Structure formats: structure tokens, C-alpha cells
Trainee: 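Structure in C-alpha cells, see below.
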Amino acid sequence: MKSDESLYHTTTINPHGMPGRAYVLGNGELNVQVSSPRKPEEPGTNPEQLLGLAQATCLASTLQTIQEGRGIEYQSEVRVGVDLKYDTHGLRFVIEVQVRIPNVEPEEAQKQLDFAESRCPVSKLLSGNEDVSVKLVDKFTV
């Protein structure tokens, strides 16, 4: 397989901003109401929640693949906190990823997490950003 060959393609559309609806083009796979987190009276999800879900799902499924490949029953949990903050040019996201891998020695758990980060497409997309942290934890704080 060529490195530039797409394994999957999706097109997402938001025709009206917020509030409004955003959806995945084709077959009605996903159609969500969107709203600003700064307007809690408006129902719907927001980019912060979607980004957090993307990171948590991608990293968790990558850890699952790694653990199952090593003959280990999947036992990790990924939690992602996303904050919206001001910066000098408008707004920015600050993302804190916490991963718990119970019943695995800390050194091995850290190896699994490091490997998962190097394989997870969302982690690779966000890597190198000073506003993103990924930590192995015993207890969640986000």
C-alpha cells in the first residue's frame, strides 16, 4: 500500500456556524446540533467536546490494539479535559489527556502509552503543541 493512499475518507460540513447543525456527508451517519460553550442556554455540542471525544477515542482504541496485540485484555481508560482560553490572538484550546492503565507496572504502562501516542493519528496531529499534555495517572483529575 502506498503511504499517500487513503484508508478512509470523510467529509464533514457545518453550513451555518453556531448555533446550527454539523453533519457527516452521506448516509446520515452523524448529524449533531452545535452551539457555543459560552452560551449554555443553547443546546448542542461544541468543538471542545468533539475534540475531546476524538482524542479520547483515538488514543483508547490505539491502546486497545497494542494491548490485544500483546495478549493483554484491554484495560485502559482515557479522559480528556479541554479548556477554551484567551490568548494574544483570540482563543486557544488547552488539552489535558489522562490515561489510566490498571494492573500493569508503571514502566510498562508508560511504554504502552508512549507507543500509543506515536501511533494514534489524533495524538500525532496534536503533538508538539505546548497546550497539550498527556499523562499516565493512577487517579483522574479531569
Side-chain angles (χ1 to χ4, degrees), residues 1-104 106 108-142:
M1 177 179 313
K2 297 177 184 177
S3 64
D4 65 342
E5 183 178 334
S6 177
L7 300 174
Y8 174 78
H9 174 82
T10 190
T11 300
T12 58
I13 300 170
N14 180 321
H16 305 290
M18 290 191 279
R21 296 202 72 78
Y23 61 93
V24 175
L25 187 62
N27 297 335
E29 295 166 353
L30 180 64
N31 186 326
V32 296
Q33 187 170 352
V34 293
S35 65
S36 171
R38 296 170 18 166
K39 296 183 179 179
E41 69 280 0
E42 294 176 352
T45 191
N46 56 59
E48 294 79 358
Q49 293 168 336
L50 296 169
L51 181 59
L53 284 170
Q55 175 63 69
T57 302
C58 188
L59 190 57
S61 66
T62 304
L63 279 163
Q64 181 179 16
T65 300
I66 291 167
Q67 290 171 350
E68 289 175 353
R70 295 179 179 179
I72 302 168
E73 181 180 338
Y74 176 68
Q75 54 185 325
S76 302
E77 184 177 349
V78 179
R79 290 192 185 184
V80 179
V82 180
D83 289 290
L84 178 64
K85 296 186 175 188
Y86 285 106
D87 71 7
T88 56
H89 303 314
L91 300 170
R92 75 181 203 272
F93 293 135
V94 177
I95 301 168
E96 182 178 356
V97 180
Q98 294 183 352
V99 179
R100 192 171 80 83
I101 305 175
N103 306 316
V104 175
E108 173 59 24
Q110 188 63 55
K111 286 180 184 177
Q112 288 180 21
L113 177 55
D114 291 345
F115 187 49
E117 277 190 273
S118 75
R119 304 282 312 238
C120 167
V122 176
S123 291
K124 290 192 280 186
L125 184 65
L126 298 174
S127 72
N129 185 319
E130 64 184 28
D131 288 329
V132 178
S133 67
V134 180
K135 299 174 189 166
L136 186 65
V137 299
D138 293 322
K139 291 185 178 188
F140 293 110
T141 60
V142 295

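These figures come from a predicted structure and were not determined experimentally.
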Trainee: Could you tell me the separation between the NZ atom of Lys111 and the CZ atom of Arg70, rounded to the nearest 0.5 Å?
Mentor: 8.5 Å
Trainee: Do side-chain atoms of Asn14 reach the backbone of His16 as a donor and acceptor pair under 3.5 angstrom?
Mentor: yes
Trainee: Heavy atoms only: give me the nearest Val142-Gly81 pair and the separation to one decimal.
Mentor: CG2-N, 4.1 Å
Trainee: Decide yes or no for Ser127 and Glu117: does some side-chain heavy atom of the first lie under 4.5 Å from some side-chain heavy atom of the second?
Mentor: no
Trainee: Answer yes or no: is there a side-chain heavy-atom contact under 4.5 Å between Leu84 and Arg38?
Mentor: yes
Trainee: Please identify each residue that fulfils side-chain hydrogen bond (donor to acceptor under 3.5 Å, both in side chains) with Thr88, with sequence neighbours left out.
Mentor: none
Trainee: How many angstroms lie between CD1 in Ile13 and CZ in Arg21, if you round to the nearest 0.5 Å?
Mentor: 13.5 Å
Trainee: Return the minimal non-hydrogen interatomic distance between Thr45 and Gln49, and the atom names on each side.
Mentor: OG1-OE1, 2.6 Å
Trainee: For the pair Ser35 (side chain) and Glu42 (backbone), establish whether a donor and an acceptor sit closer than 3.5 Å, ignoring hydrogens and angles.
Mentor: yes
Trainee: On a heavy-atom basis, which atom in Val122 and which in Ala54 lie closest, and how many Å separate them?
Mentor: CG2-O, 3.9 Å
Trainee: Could you tell me which non-hydrogen atom of Val132 sits nearest to which non-hydrogen atom of Leu126, and how far apart they are?
Mentor: CG2-O, 4.0 Å
Trainee: Between Ser123 and Arg119 (side chain of the first, backbone of the second, donor and acceptor by atom type, cut-off under 3.5 Å), is there such a pair?
Mentor: no
Trainee: To the nearest 0.5 Å, what is the distance between CG (Asn103) and CZ (Arg100)?
Mentor: 8.5 Å
Trainee: Could you tell me whether Lys124 atom NZ has more than 12 heavy atoms of other residues or ligands within 6.0 Å of it?
Mentor: yes
Trainee: Testing Glu77, Gln110, Gln67 for side chain to side chain contact (heavy atoms under 4.5 Å, CB included) with Ile101, which one passes?
Mentor: Gln67
Trainee: Using the side-chain hydrogen bond (donor to acceptor under 3.5 Å, both in side chains) criterion, which residues pair with Thr141? Sequence neighbours excluded.
Mentor: Gln98
Trainee: Quick check: closest heavy atoms across Gln55 and Val80, and the distance to 0.1 Å?
Mentor: CG-CG2, 3.8 Å
Trainee: Pick one: which of Asp131, Asp87, Asp83 meets salt bridge (charged side-chain N to carboxylate O under 4.0 Å, His left out) with Arg92?
Mentor: Asp131
Trainee: Write down the atom of Ala109, the atom of Leu136, and the distance for their closest heavy-atom approach.
Mentor: CB-CD2, 3.6 Å
Trainee: Starting at CD of Glu48, measure out to CZ of Phe93 and round the result to the nearest 0.5 Å.
Mentor: 4.0 Å
Trainee: For the pair Ser61 (side chain) and Cys58 (backbone), establish whether a donor and an acceptor sit closer than 3.5 Å, ignoring hydrogens and angles.
Mentor: yes
Trainee: Using only atom types and a distance under 3.5 Å, with no angle test, would you say the side chain of Gln112 pairs donor to acceptor with the backbone of Ile66?
Mentor: no
Trainee: For a 4.5 angstrom cut-off between non-hydrogen side-chain atoms, does Leu91 reach Tyr86?
Mentor: yes
